[in-house]
Amino acid sequence: MSNNKLQSASEHVLAPLPYAENALEPVISARTISFHYGKHHKGYVDNLNKLIAGTELAELTLEKIITATAGKADKTAIFNNAAQAWNHTFYWSSLSPMGGGEPPVVFKQKIEAVFGTLDVCKQELVTAATTQFGSGWAWLVLDGDKLKVVKTGNADSPLTKGMKPLLTIDVWEHAYYLDYQNRRADYVNAVLDKLINWNFAAENLG
Ligand code: FE
């Protein structure tokens, strides 16, 4: 019994969605969110818990598991599930039913100082998202003291490169295929115009 207690104390939990499953319609359907959150994201968390149960990794935070297993050939499955668990929680917060539009003023000025205009920044995110071959993620990050757009493949995370993620867009097919089929660019443009949570990015910038 005490073993079970110890195990459950260190288990990672699927963070609640920050909005209702239908809150992002019509850009992202409740059906997509239901599978994406309820099956894919939950699956990563459940798999991670199974993979680390009884190991020393079970005592670490999710971020520490990600950095401790990155690039280690014998820890690939743990890294993939841990990073995907983290990436998805971050993605849900990168979207908002009240999103799109303009970033907070000070944050917008920082974006303009680096990219010239907000539209250029958005276009770089579209390019990163649509040129990521296969599955992955497009990110706005802080790299040192510089805002940057980067892309990562599969479960990879800017965290392992010492960058601070500000927002992300999931470009795995499971994120858009039910709603947009092969039209990834349409999904990314709609997310940037209607859902992207600039307030969350500004908070992460600090
Ligand atoms: Fe996903």
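Everything quoted here is computed from the prediction, not taken from an experiment. In listed order, ligands and their atoms are each counted from 1.
- Using a 4.0 Å cut-off between charged nitrogen and carboxylate oxygen, Asp193 and Lys122 count as a salt-bridge pair.
- Take the N/O/S atoms of His88: the one nearest the Fe ion (ligand 1) is NE2.
- At a cut-off of 2.8 Å, His41 does not coordinate the Fe ion (ligand 1) through any N, O or S atom.
- A salt bridge links Lys42 to Asp46: one of the charged nitrogens lies within less than 4.0 Å of a carboxylate oxygen.
- The distance from the Fe ion (ligand 1) to the nearest N/O/S atom of His40 is not under 2.8 Å.
- Taken to the nearest 0.5 Å, the CG atom of Asp179 stands 3.5 Å off from the OG atom of Ser29.
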Could you go step by step and tell me if Asp170 and His36 meet the side chain to side chain contact (heavy atoms under 4.5 Å, CB included) rule? CA-CA 10 Å; Asp170 188 342; His36 197 177; 2.8 Å; yes
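- When the Fe ion (ligand 1) is compared with the N/O/S atoms of Asp170, atom OD2 turns out nearest.
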